[in-house]
Amino acid sequence: MMRIGGSLIIATLKNLGVLYWHLNPKQYENDEELKKIREDRGYSYTVDMLDLCPEKMENYEEKLRNFYTEHIHGDEEIRYCLEGSGYFDVRDKNDRWIRIWIKAGDLIVLPAGIYHRFTLDTSNYVKVQKKKKKYI
Ligand SMILES: CSCCC(=O)/C(O)=C/O
C-alpha cells in the first residue's frame, strides 16, 4: 500500500496518469498552490462535497459497495480530502492493484479510463471535495 509523499511513489503514480498534491486543508479558500492547480488544469471553484460516514448518509452501505466495486469513468476523478482518510485502489499496467492511502490535505486526480475503486480505512470516515472541470 502506498502512502503518497516520496518522489518514487509520485513518479510511479504519474506513470499511470495519477496526479497528487498535498495541501493544507484548513486554508483551501486562500491556498495559492490550489489556486494555481485550478487555473493550470481548468478546475472549477464550485465543488460538490461528499461526507462518507454511516451517521451522515442514509444509503451509506450501498454507496460504499458501489465505490468499492471496480469501475471506470470517461472523465477525470478529482478528489480533495478535507477530513478523514481512505483507500483508492488503481490498476497498474500489469493489472495489479496499487493501493493509495489518502488523508486530509491530499488532492488526487485519477485519469479518465483507469480502473479504480475506493473504500474507507479504520477511521470509517472521509470528507472530500469533488472537483470538476470547468467545461463539465
Ligand atoms: C472518497 S471519493 C469516493 C469515491 C468516488 O467518488 C468514486 O470512486 C467515484 O467513482
Side-chain angles (χ1 to χ4, degrees):
M1 181 205 331
M2 293 188 180
R3 172 74 199 120
I4 340 181
S7 53
L8 181 63
I9 294 169
I10 290 175
T12 303
L13 292 176
K14 204 168 175 186
N15 196 29
L16 296 174
V18 176
L19 305 179
Y20 164 82
W21 297 263
H22 184 75
L23 305 168
N24 182 348
K26 296 209 165 61
Q27 63 169 41
Y28 76 91
E29 297 289 352
N30 309 306
D31 189 327
E32 286 302 316
E33 194 179 355
L34 180 58
K35 188 164 171 258
K36 184 164 185 331
I37 295 165
R38 281 179 181 138
E39 285 169 3
D40 288 352
R41 299 194 58 79
Y43 297 152
S44 64
Y45 278 74
T46 52
V47 288
D48 292 335
M49 211 63 96
L50 172 71
D51 231 344
L52 191 57
C53 73
E55 295 79 25
K56 292 185 183 169
M57 273 191 154
E58 277 177 20
N59 54 351
Y60 167 80
E61 296 290 342
E62 186 190 340
K63 276 256 184 245
L64 207 55
R65 208 170 27 249
N66 289 341
F67 286 150
Y68 199 53
T69 303
E70 176 177 7
H71 59 280
I72 197 166
H73 301 291
D75 292 311
E76 282 183 338
E77 180 158 319
I78 308 152
R79 299 288 182 264
Y80 182 22
C81 180
L82 296 179
E83 293 174 22
S85 47
Y87 301 121
F88 271 104
D89 295 330
V90 294
R91 276 202 190 277
D92 74 6
K93 290 174 181 160
N94 297 312
D95 248 0
R96 287 176 307 214
W97 284 115
I98 298 184
R99 173 153 281 193
I100 307 160
W101 192 13
I102 60 151
K103 295 193 171 187
D106 290 344
L107 168 59
I108 189 164
V109 178
L110 307 185
I114 193 168
Y115 280 101
H116 67 280
R117 60 190 185 188
F118 177 85
T119 194
L120 292 172
D121 61 16
T122 52
S123 71
N124 242 8
Y125 176 57
V126 78
K127 179 176 182 176
V128 295
Q129 282 185 346
K130 298 162 69 171
K131 294 193 176 296
K132 296 205 170 118
K133 283 277 197 186
K134 275 183 188 145
Y135 57 76
I136 291 176

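Note that the structure is predicted; figures quoted are calculated from it, not measured. If you read the sequence from its start, that first residue is 1, and numbering goes on from there. Counting starts at 1 for both ligands and their atoms, following the listed order. Any value given below was found using the heavy atoms of this structure, including those in side chains, with hydrogens, waters and symmetry copies removed.
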At a heavy-atom distance under 4.0 Å, which protein residues reach ligand 1? Sort them by chain and number, would you? Leu50, Phe67, His71, His73, Glu77, Arg79, Phe88, His116, Phe118, Val126, Val128
In terms of heavy-atom contacts, does OH of Tyr115 have more than 12 from other residues, nucleotides or ligands at under 6.0 Å? no
Tell me which one of Gln129, Lys127, Met57 satisfies side-chain contact (heavy atoms from CB on, under 4.5 Å) with Leu50. Met57
Is the number of heavy atoms from other residues, nucleotides or ligands within 6.0 Å of CD (Gln27) greater than 12? yes
Less than 3.5 Å apart, any donor N or O on the side chain of Tyr20 or Asp106 sitting next to an acceptor on the other? yes
Partner set under side chain to side chain contact (heavy atoms under 4.5 Å, CB included) for Glu33, not counting sequence neighbours: Trp21, Leu23, Asp31, Ile37
Going by the angle between their ring planes, with limits at 30° and 60°, are Tyr87 and Trp101 parallel, tilted or perpendicular? tilted
